[in-house]
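Count residues from 1 along the sequence.
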Amino acid sequence: MLTQLYIQNIAVIERASIDFGEGFHVFTGETGAGKSILIGAIGAVLGFRVSRDLIRTGAEKAMVTALFERLSDETCSALSALGYEPEEDGTLLLSREFSAEGKSSCKIGGRPATVSILREVADTLINIHGQHDNQALISPERHIRFIDSYAGDGGLLAQYRQEYAKLCSIKQELEKLNMDEVEKAYRIDLLTYQIDEISSANLKAGEEEELLEQKKQISNSAKIIEAVGQADLAFSGDDENEGLVAMLDSARDALSTAGRYYADLEGMASRVDEMYYELREYASDLRRCASEMDFNEGDLDAIEARLDTIYKLKRKYGASVEAVLDYLGKSTQELQSINRSEEMQAKLEAQLAQTAYSAQKLAEALSEKRREAAKRLTEAVGEELRFLDMPFVRLEVKSEIGALSADGIDDMEFLISTNPGEPLKPLSKIASGGELSRVMLSLKNVLADRDRVGTLIFDEVDTGVSGRAAQKVGLKLKQASHGRQIICVTHLAQVAAYADRHYLIEKSVRDGRTFTDVRPLDRSGRVSEIARIIGGNEVTDTILSSADEMLRFAERQVDK
């Protein structure tokens, strides 16, 4: 469970440290106090996408850390698979820091991590439900995801999707082969021409660079010969001038003689001796190089013609000789495929039939599991809804079989009837906002027993709910918190009254800046806050008494 959350420079929250425990936690506060910011901060440390606007004005960076303890086996397995381990005391610290420049860094247990890794671990720790999740209920195409989650058929679904992807790939290959005869003839002619044009050029990798170097040498042959001659004269000299080799030979003889009588010159004599032999070798290499030079300006025309051929091929087929050769290889392969199209088509059609059969069998097995799961899921959710003051509710899943798709062969949609005598109709068309909230809460409670996530967060799950239904929602959240941790942002006094821990989010202005603080409430503080929710700005003794009685009633309900 989540035991501590630290927030720094998130919107109007300059700094906040919140301690959590077991059971049911609620956050309340006036509109605009920062309740949604708190959920955004939790989402950030769980790896959700964040906006730079979330950083407090004037701050260079923001940070969120979350400490967890009593980790589940699923979390430990996920950590191990990703190369991480919890601390020796069994705790786990997640942290995320992001700057105004858009840079972000994540850590798991003090070690660097990517956002995707952070999210993968966080998915085993916390499940967040916000108001936007209700959109999933009014989108029939997304209903099947709830059923798959309840069925626990992820392995079978993944196996089917792998087979379906293979099926789609084979179909695409067949479509390429099944071109009409006119298009096929045109393609054969084009590929044959291109292959012949490239092949006849006999290109070699690195050839262009070699030709350019030869061109440069021939174009500058006069300068090269003149420079080499000057260098040879400097090294070897002529009848009138003594060269460097001879001069250095005289110097080493002189130093060798002096070194026999003056020890300090022995080292210098030895180094000059080495220089002499090295310089003599250079001179010899230079003469050999000069004798091997063969600049035939007649070759320049042939080089220019070859470079022109390469340029034309590059302009058509690629940015380099290597790219042109790669194009040749692919074109040759495509031409061979077209010429062997009948043979390949027969082979692919056999593969298609086999894969389609396999995918169909997997889809049928998946469909059977879904229908069984849908029946159990609607029964479990129906029980939850009847508790949440919808006593006449009927919930079923309309299931139709269609063609193979990425999700199988099933088209599934929730149908609901909320009043006696009314027929079942699509959930998306007849449910009110309050009813949608209760359906989603019921689904989350039922599915939470399957995924074993230790902490559930509800962001105003009670939207559209009031009166006795609100009291039932509060009691259900309290009951659901047995064995897990539930954190709820609410605007209803009936829900807040059932909390084990109640936190007030309040906004203040200091020195012209807005600050939001989060503080836990004792019983007296809870009475005052619940009274504020009930009465607004006008909190009378009667309202305070009602708030106190609401708390006492919730305590009695829980004791039952």
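- No side-chain donor-acceptor contact under 3.5 Å links Q194 to the backbone of L328.
- Here the CG atom belonging to L94 is positioned 13.0 Å from the CZ atom belonging to R119, to the nearest 0.5 angstrom.
- With hydrogens and angles disregarded, no donor-acceptor distance shorter than 3.5 Å links the side chain of T124 to the backbone of E120.
- Listed for the R56 side chain is no donor-acceptor partner under 3.5 Å among the backbone atoms of I10.
- Checking E163 against Q159 by side-chain atom types alone, no donor-acceptor pair falls below 3.5 Å.
- Y282 and E278 are linked by a side-chain donor-acceptor pair at a separation below 3.5 angstrom, with hydrogens and angles left out of the test.
- By the 6.0 Å contact criterion, CD on E209 is enclosed, its count of non-hydrogen atoms from other residues, nucleotides or ligands being greater than 12.
- Scanning all heavy atoms of the two residues, the minimum distance from L5 to A66 falls at CD1-CB, 4.2 Å.
- In this structure, the separation between CD on E207 and CZ on R306 is 4.0 Å, given to the nearest 0.5 Å.
- From T57, atom OG1 reaches atom CD1 of I55 across 10.0 Å, with rounding to the nearest 0.5 Å.
- Distance alone, capped at 3.5 Å, is enough to place a donor-acceptor pair between the R111 side chain and the G83 backbone.
- How far CG of L46 is from CG of L125: 7.5 Å, rounded to the nearest 0.5 Å.
- A donor-acceptor distance shorter than 3.5 angstrom exists from the side chain of T3 to the backbone of L67, with no hydrogens or angles considered.
- Heavy atoms of other residues, nucleotides or ligands lying less than 6.0 angstrom from NZ of K314 number more than 12.
- Panel note: side chain E14, backbone T514; no donor-acceptor pair is recorded below 3.5 Å.
- Checked by atom type, the side-chain pair T65/S95 shows no donor-acceptor distance below 3.5 Å.
- Checked by atom type and distance alone, the side chain of R280 never pairs as donor or acceptor with a backbone atom of D249 at under 3.5 Å.
- The CG atom of L348 sits 12.0 Å away from the CD atom of Q172 when rounded to the nearest 0.5 Å.
- Ion pair R145/D148 not flagged as a salt bridge, since none of the NZ, NE, NH1 or NH2 atoms sits closer than 4.0 Å to an Asp/Glu carboxylate oxygen.
- The number of heavy atoms from other shown groups lying within 6.0 Å of CD (E22) does not exceed 12.
- Take Y327 and apply the ring pair (Phe, Tyr, Trp, His ring centres under 6.0 Å) test, not counting sequence neighbours, and it matches Y317.
- Between the side chains of Y6 and Q4, no donor N or O sits under 3.5 Å from an acceptor N or O.
- With a 6.0 Å radius and a threshold of 12 heavy atoms from other residues, nucleotides or ligands, Q333 has its CD atom at or below the threshold.
- No salt bridge links D517 with K507; every basic N to acidic carboxylate O contact stays at or beyond 4.0 Å.
- Relative orientation of the F20 and Y503 rings is tilted, given thresholds of 30° and 60° on the angle between their planes.
- Residue R510 places its CZ atom among more than 12 non-hydrogen atoms of other residues, nucleotides or ligands, all under 6.0 Å distant.
- Checking T91 against D89 by side-chain atom types alone, a donor-acceptor pair falls below 3.5 Å.
- The main-chain N or O of L352 is never found under 3.5 Å from a side-chain atom of T355 such that the two would form a donor-acceptor pair.
- Within 6.0 Å of CD on E349 lie more than 12 heavy atoms contributed by other residues, nucleotides or ligands.
- Counting heavy-atom neighbours within 6.0 Å of E213 CD, excluding the residue itself, gives a total above 12.
- One finds the CD1 atom of I18 at 12.0 Å from the CZ atom of R501 (value rounded to the nearest 0.5 Å).
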